[in-house]
Amino acid sequence: QPQLVESGGGLVQAGDSLRLSCVVSGGTFSTYAMGWFRQARGKDREFVAAISWSAGNRYYADSAQGRFTVSRDNDKNTVYLQMNSLKPEDTGVYYCAADTRPFTNAQAMGVSALKGVLIWGQGTQVTVSS
């Protein structure tokens with residue numbers, strides 16, 4: 001079973017930037033669709049962004065579009081989430097997720113999360129102060 005470890009969270013001010021990283025160990029990272037989700041206190045976990053195994057396709061929630069960029073480095077088994085122009089409503093625990101079924105459609109990450117077929121990291125806290 002692959003393991004996912006996120007890093008890069010922290011406390012920032014509105015308008016600042018952060019880059020989250022997620023290193024995947026075990027398995028065949030280069031075949032996995034990868035995604036980022038977040039969960040604010042008292043709310044359900046929500047989809048943020050996803051990237052296909054080849055990085056050829058990327059998908060974003062409306063709230064992330066234009067401010068966040070998802071990328072991956074298959075040589076380093078790492079997926080990134082660059083977050084710019086952060087807002088207080090971006091506050092939450094950010095989770096990295098992997099769909100370890102080879103070459104699946106990254107656009108379906110949100111549905112896959114509901115089906116319980118993803119592997120999750122432990123999360124990293126992002127707090128944006130106003």
Side-chain angles (χ1 to χ4, degrees):
Q1 174 108 333
Q3 293 190 337
L4 287 63
V5 179
E6 302 98 331
S7 62
L11 172 62
V12 296
Q13 294 186 329
D16 286 350
S17 298
L18 276 176
R19 187 176 82 154
L20 306 183
S21 300
C22 172
V23 178
V24 179
S25 59
T28 312
F29 176 79
S30 61
T31 68
Y32 301 161
M34 297 295 300
W36 288 96
F37 293 73
R38 68 186 181 190
Q39 187 169 22
R41 185 174 297 182
K43 295 187 177 181
D44 293 335
R45 188 156 49 188
E46 64 177 0
F47 169 78
V48 175
I51 186 167
S52 65
W53 60 274
S54 66
N57 293 291
R58 309 179 195 205
Y59 306 94
Y60 299 94
D62 289 345
S63 59
Q65 188 74 45
R67 298 187 300 125
F68 294 4
T69 302
V70 60
S71 61
R72 66 190 295 158
D73 185 336
N74 284 351
D75 290 333
K76 296 182 178 180
N77 287 6
T78 302
V79 62
Y80 305 97
L81 185 67
Q82 177 68 42
M83 305 186 293
N84 298 330
S85 303
L86 282 162
K87 305 175 181 179
E89 51 263 44
D90 294 319
T91 294
V93 179
Y94 282 70
Y95 296 91
C96 174
D99 190 332
T100 59
R101 299 169 298 174
F103 311 118
T104 54
N105 185 356
Q107 192 172 22
M109 286 291 283
V111 173
S112 296
L114 295 174
K115 291 182 177 179
V117 298
L118 303 182
I119 295 176
W120 299 90
Q122 83 288 351
T124 185
Q125 177 71 44
V126 172
T127 303
V128 185
S129 64
S130 58

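Partners of Gln122 according to the side chain to side chain contact (heavy atoms under 4.5 Å, CB included) rule, which considers only residues two or more places apart in sequence or in another chain, are Val5, Glu6. Every residue two or more places apart in sequence or in another chain that forms a side chain to side chain contact (heavy atoms under 4.5 Å, CB included) with Ser7 is listed here: Ser21. Listed by chain and number, the residues in a ring-ring contact (aromatic ring centres under 6.0 Å, His included) with Phe47 are Phe37 (sequence neighbours excluded). Residues forming a salt bridge (charged side-chain N to carboxylate O under 4.0 Å, His left out) with Arg38 (at least two apart in sequence, or on another chain): Glu46, Asp90. Residues that satisfy the side chain to side chain contact (heavy atoms under 4.5 Å, CB included) test with Ser85, not counting sequence neighbours, are Arg67.
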- request: Would you check, one step at a time, whether the test side-chain contact (heavy atoms from CB on, under 4.5 Å) holds for Asn57 with Gln107?
  value: CA-CA 8 Å; Asn57 293 291; Gln107 192 172 22; over 6 Å; no
field: CA sep, side-chain torsions, deciding dist, call: Arg45, Trp120, side-chain contact (heavy atoms from CB on, under 4.5 Å)
entry: CA-CA 12 Å; Arg45 188 156 49 188; Trp120 299 90; 3.6 Å; yes
- prompt: Which is it for Phe68 and Leu86 under the side-chain contact (heavy atoms from CB on, under 4.5 Å) test, yes or no, and what are the steps along the way?
  reply: CA-CA 9 Å; Phe68 294 4; Leu86 282 162; 4.0 Å; yes
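The minimum heavy-atom distance linking Tyr60 with Ala49 is given by the pair CD2-CB, 3.7 Å.
Screening residues 17-50 for disulfide (SG to SG under 2.5 Å) gives Cys22-Cys96 as the qualifying pairs, with residues at least two apart or on separate chains. Residues in residues 109-120 take part in no salt bridge (Lys or Arg N to Asp or Glu O under 4.0 Å) pair, two or more places apart or across chains. Identified under the salt bridge (Lys or Arg N to Asp or Glu O under 4.0 Å) test for residues 70-84, with sequence neighbours left out: none. Note on residues 10-35: no pairs pass salt bridge (Lys or Arg N to Asp or Glu O under 4.0 Å), not counting sequence neighbours. Applying the salt bridge (Lys or Arg N to Asp or Glu O under 4.0 Å) definition to pairs two or more places apart or across chains, those involving residues 99-111 are Asp99-Arg101.
With Thr31 contributing its side chain and Pro102 its backbone, the two residues share no donor-acceptor pair below 3.5 Å. One N or O on the side chain of Arg58 and one on the backbone of Val70 form a donor-acceptor pair closer than 3.5 Å.
Phe29 and Trp36 end up in the same hydrophobic cluster when Ile, Leu, Val, Met, Phe, Trp and Tyr side chains are linked at under 4.5 Å. Criterion: ILVMFWY side-chain heavy atoms under 4.5 Å apart, direct or through other members. Under it, Val93 and Leu81 are not part of a common hydrophobic cluster. If you chain together hydrophobic residues whose side chains sit under 4.5 Å apart, Ile119 and Val23 never meet in one group. Cluster membership for Met109 and Met34, using ILVMFWY side-chain heavy atoms within less than 4.5 angstrom, is not shared.
The number of heavy atoms from other shown groups lying within 6.0 Å of CD (Gln3) does not exceed 12.
Atom OG of Ser30 and atom CG of Asn77 lie 7.5 Å apart (nearest 0.5 Å). Atom CG of residue Leu18 and atom CD of residue Gln82 lie 8.5 Å apart, to the nearest 0.5 angstrom.
The shortest distance between side-chain heavy atoms of Pro2 and Thr100 falls below 4.5 Å. Annotation: side chain of Tyr59 is in contact with side chain of Asn105 (closest heavy-atom distance under 4.5 Å). For the pair Tyr95/Leu4, no side-chain contact is recorded, criterion being any heavy-atom separation below 4.5 Å from C-beta on.
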Would you tabulate the side-chain donor-acceptor contacts of residues 123-130 under 3.5 Å, counting partners in other chains and residues two or more places apart, or write 'none'?
{"unit_1": "Thr124", "atom_1": "OG1", "unit_2": "Gly9", "atom_2": "N", "d": "3.2"}
{"unit_1": "Gln125", "atom_1": "NE2", "unit_2": "Gly92", "atom_2": "O", "d": "3.4"}
{"unit_1": "Gln125", "atom_1": "NE2", "unit_2": "Thr127", "atom_2": "OG1", "d": "3.3"}
{"unit_1": "Ser129", "atom_1": "OG", "unit_2": "Val12", "atom_2": "O", "d": "3.3"}

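As a member of the Ile/Leu/Val/Met/Phe/Trp/Tyr network built from side-chain separations under 4.5 Å, Trp53 groups with Phe103.
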